[in-house]
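Down below is the structure, laid out as structure tokens.
Side chains included, hydrogens not; waters and symmetry mates left out as well; all remaining heavy atoms used.
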Amino acid sequence: MLRAAVSEGDDEPRSGGRGGRLLARLNYLYLLMMLVVIAGILTAAMVMQYVKGELPCPLCLLQRVALFGIAYGIIQNFRGRFSYQNTGISLVFAVLLLIVASRQTLLDIYPRPGHDYIGTAILGLHMPVWSVIIAATIITAYALKLAILGGDEHLADYPAVEFPLLARLADFGAAYVIVLCLINLGSVVVQCGFGECHTMGYKLIQSGLPGLWLK
């Protein structure tokens with residue numbers, strides 16, 4: 001589904017030989033694992049919203065946007081040939097996640113009336129704190145990948161379609177993330193409309209269509 005056709009010119013000599021192919025396989029496996037983890041985090045957040053009724057706050061929604069952005073950069077690297085621009089997209093959104101999550105954590109680090117942490121604590125930590133850890137882990141994961149596996153130039157010689165199993169799993173993961181994104185988008189419209197976003201309920205359900213423009 002997301003796989004692009006391999007462009008002509010594949011008869012040209014490839015860098016790295018068998019070693020380059022192995023590194024490319026490891027890189028794609030690493031990216032796939034990151035995509036699976038991000039999909040799992042987004043799924044957990046939405047389960048908490050729909051099953052436990054814990055509506056996300058505006059900063060929580062920004063953190064979801066950042067996670068979707070990281071996933072987008074990873075998905076793009078499975079389409080056609082590798083590009084550092086896609087890695088850059090993921091890193092930019094990882095930094096955004098770290099900034100937003102750190103701000104929310106600092107706002108709520110000292111409990112006070114009306115400003116307690118929103119949602120259930122998981123293993124003793126609330127979601128904003130987990131988001132800080134997740135963002136730092138993603139940035140560190142990219143750094144370790146570069147430190148251990150080296151640069152990714154060889155990926156340009158070995159597009160993901162040359163690894164059918166990894167490519168199919170990436171297709172499935174990408175489709176799943178896209179579905180999550182669409183569900184989340186619809187949920188935001190129902191919760192926030194086109195005005196300010198609060199955690200008291202779903203505006204569209206409580207107020208009907210006029211709720212779309214309520215503050």
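- Remark: the backbone N or O of Ala141 is paired with a side-chain donor or acceptor of Tyr30 at under 3.5 angstrom.
- Inter-residue side-chain proximity for Ile89 and Gln76 is flagged as unmet; no heavy-atom pair is nearer than 4.5 Å.
- The structure places CZ of Arg103 at 15.0 Å from OG of Ser131, a figure rounded to the nearest 0.5 Å.
- Under the 4.5 Å side-chain contact rule for hydrophobic residues, Val47 and Leu182 do not share a cluster.
- Annotation for Phe68 and Leu42: closest pair CE2-CD1, 3.5 Å, computed over non-hydrogen atoms.
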- Message: If you apply the rule side-chain contact (heavy atoms from CB on, under 4.5 Å), what do you find for Cys181 with Tyr72, and how did you get there?
- Response: CA-CA 11 Å; Cys181 185; Tyr72 172 78; over 6 Å; no

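- Considering Asp171, Asn86, Leu169, Leu31 in turn, Leu31 is the only one that fulfils the side chain to side chain contact (heavy atoms under 4.5 Å, CB included) rule with Phe78.
- Side-chain heavy atoms closer than 4.5 Å link hydrophobic residues (I, L, V, M, F, W, Y) into clusters, and following such links, even through other members, never connects Val65 to Met48.
- Interatomic distance, Ser187 OG to Leu180 CG, rounded to the nearest 0.5 Å: 11.5 Å.
- When Ile99, Leu97, Leu91 are each tested for a side chain to side chain contact (heavy atoms under 4.5 Å, CB included) with Val95, only one passes: Ile99.
- Side-chain atoms of Thr43 and Tyr176 include a donor-acceptor pair closer than 3.5 Å.
- Put simply, Leu98 and Phe93 are part of two different groups of oily side chains (I, L, V, M, F, W, Y) that touch within less than 4.5 Å, one to the next.
- Rounded to the nearest 0.5 Å, atoms CD1 (Ile74) and CE (Met33) are 11.5 Å apart.
- Val132 and Val100 are not part of a single hydrophobic cluster, where members link through side-chain heavy atoms under 4.5 Å apart.
- Scanning all heavy atoms of the two residues, the minimum distance from Leu61 to Pro56 falls at CD2-CG, 3.5 Å.
- Of the candidates Val51, Ile183, Ile41, Ile183 is the only one forming a side chain to side chain contact (heavy atoms under 4.5 Å, CB included) with Met46.
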- Task: For Phe163 and Leu29, run side-chain contact (heavy atoms from CB on, under 4.5 Å): C-alpha distance rounded to whole Å, both residues' side-chain angles, the deciding distance at 0.1 Å, then the answer.
- Result: CA-CA 10 Å; Phe163 308 99; Leu29 178 61; over 6 Å; no

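- Within the model, atoms CG of Leu144 and CD1 of Ile139 stand 12.0 Å from one another, a figure rounded to the nearest 0.5 Å.
- The two residues Leu35 and Ala174 have their closest heavy-atom pair at CD2-N, 4.1 Å.
- Across every non-hydrogen atom of Leu67 and Ile38, the tightest pair is O-CG2, 3.7 Å.
- Val188 and Val179 are assigned to two separate hydrophobic clusters, defined by single-linkage of ILVMFWY side chains at heavy-atom distances under 4.5 Å.
- Thr140 and Ala136 make their closest contact through OG1-O, 2.7 Å (heavy atoms, listed as atom of the first residue, atom of the second, distance).
- With rounding to the nearest 0.5 angstrom, the CG atom of Asn77 is 12.5 Å from the CG atom of Leu32.
- Taking all atoms of both residues into account, the shortest heavy-atom contact from Ala45 to Arg64 is O-NH2, 3.4 Å.
- Judged purely by atom type and a 3.5 angstrom limit, Gln63 uses its side chain to pair as donor or acceptor with the backbone of Leu59.
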